[in-house]
Amino acid sequence: MNKIYLFDIDGTLTPHRQSIAPEFLEFFLDWASNNKFYLTTGSDFEKVQEQLPQELLNLSEGIFCCMGNQLFKSGGKELVYQNSFTPSDGLLETLQSYLDSSDFPHPWRTEPHIEYRVGMINFSIPGRGSDLKMRETYSRFDEKCRERLGIKEVLMNKHPEVDVSIGGKISLDIYQKGNDKSQSVNYIMQHDKPRYIVFMGDRVFPGGNDYAVTLAMQRHNKGVWFNVSNWQETKALLRLGTLYINRDGEK
Ligand code: M1P
């Protein structure tokens with residue numbers, strides 16, 4: 001197999017925590033019928049199913065959830081592997097201290113603030129129950145105060161056993177050091193052995209949760225990646241891809 005595509009979901013195929021846009025879905029289903037691709041996300045499979053229709057999941061080679069700590073095949077029917085992660089009491093105490101000290105107003109918050117997923121936890125000051133409006137409110141607050149960046153830096157210094165990344169708009173993903181999205185690339189390289197991988201994500205920069213994918217691609221010396229701002233850019237890139245023939249002589 002020559003080429004495998006790998007896509008992040010939130011911010012790449014869909015707006016954050018929202019369903020795929022109908023006009024993109026139509027295009028992507030057609031594209032997906034002619035190309036091999038995997039999905040990789042910080043979210044759990046339940047959220048993936050909320051955002052992408054089963055028809056599309058069935059066309060994928062696999063779905064890496066929870067930062068690559070869980071892999072499903074056959075559209076979600078077959079669990080291939082999963083990792084476990086138990087946060088230490090010290091880590092949970094540090095998270096609680098941030099909930100106590102954050103300047104984000106308490107009345108605007110909704111529980112839970114910690115979501116236990118396979119191989120990771122997700123921590124959110126405004127809470128996982130935030131509606132769209134509160135997600136935007138916190139996102140603006142965070143852009144101004146850089147709260148999540150501060151939390152990430154402190155957590156990684158104080159708890160060197162974990163890695164922390166900023167995935168979406170209101171939360172941080174926390175998992176055992178090294179158990180990040182690079183697991184997706186390592187799996188594909190070992191099992192599919194493609195000549196190269198094409199990756200698209202919206203957080204391909206140091207500190208972003210897609211960055212580890214590109215580091216793994218560099219280690220394997222395979223592939224190209226694109227940092228996109230939204231699904232419209234992903235669509236434009238996929239359309240461009242059909243316009244040229246690459247050095248392997250394939251479209
Ligand atoms: O997939 C990207 C991120 O999507 C959500 O982020 P947020 O709720 O902060 O916008 C979360 O599921 C997060 O874990 C995930 O990395």
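Just follow the structure's listing: the first ligand is 1, and inside any ligand the first atom is 1. The figures here come from the full heavy-atom set of this structure, side chains too, leaving out hydrogens, waters and symmetry mates.
Legend: residues meeting side chain to side chain contact (heavy atoms under 4.5 Å, CB included) with Ser43, ordered by chain and number and at least two apart, are Asp10, Thr41, Lys47. Residues forming a salt bridge (Lys or Arg N to Asp or Glu O under 4.0 Å) with Asp210 (at least two apart in sequence, or on another chain): Lys181.
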Under 3.5 Å: N or O atoms of ligand 1 paired with protein N or O:
unit_1   : atom_1 : unit_2 : atom_2 : d
ligand 1 : 1 (O)  : Asp10  : OD1    : 3.1
ligand 1 : 1 (O)  : Thr41  : OG1    : 3.3
ligand 1 : 8 (O)  : Arg128 : NH1    : 3.2
ligand 1 : 8 (O)  : Arg128 : NH2    : 2.6
ligand 1 : 8 (O)  : Arg135 : NH1    : 3.2
ligand 1 : 8 (O)  : Arg135 : NH2    : 3.3
ligand 1 : 9 (O)  : Lys169 : N      : 3.1
ligand 1 : 9 (O)  : Ile170 : N      : 2.9
ligand 1 : 9 (O)  : Ser171 : N      : 3.0
ligand 1 : 9 (O)  : Ser171 : OG     : 2.6
ligand 1 : 10 (O) : Arg135 : NH2    : 2.3
ligand 1 : 10 (O) : Lys169 : N      : 2.7
ligand 1 : 12 (O) : Ser43  : OG     : 2.8
ligand 1 : 12 (O) : Arg117 : NH1    : 3.4
ligand 1 : 12 (O) : Arg117 : NH2    : 3.1
ligand 1 : 14 (O) : Arg117 : NH1    : 2.7
ligand 1 : 14 (O) : Asn122 : ND2    : 3.0
ligand 1 : 14 (O) : Asp173 : OD1    : 2.6
ligand 1 : 14 (O) : Asp173 : OD2    : 3.2
ligand 1 : 16 (O) : Asp173 : OD2    : 2.5
ligand 1 : 16 (O) : Asn209 : ND2    : 3.3

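Residues Phe85 and Tyr175 place their aromatic rings such that the two centres sit no closer than 6.0 Å.
Relative to the six-membered ring of Phe27, Lys235 meets both conditions, a distance below 6.0 Å and an angle of at most 45° to the axis.
Hydrophobic clustering, with ILVMFWY side chains joined whenever heavy atoms are under 4.5 angstrom apart, groups Ile151 together with Phe141.
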Side-chain donor-acceptor contacts of residues 225-234 below 3.5 Å, not counting sequence neighbours, with atom names and distances?
unit_1 : atom_1 : unit_2 : atom_2 : d
Asn227 : OD1    : Arg203 : N      : 3.4
Asn227 : OD1    : Val204 : N      : 2.8
Ser229 : OG     : Glu233 : OE2    : 3.1
Asn230 : OD1    : Gln232 : N      : 3.2
Asn230 : OD1    : Glu233 : N      : 3.0
Glu233 : OE1    : Ser229 : N      : 3.0
Thr234 : OG1    : Thr12  : O      : 2.7
Thr234 : OG1    : Asn230 : O      : 3.4

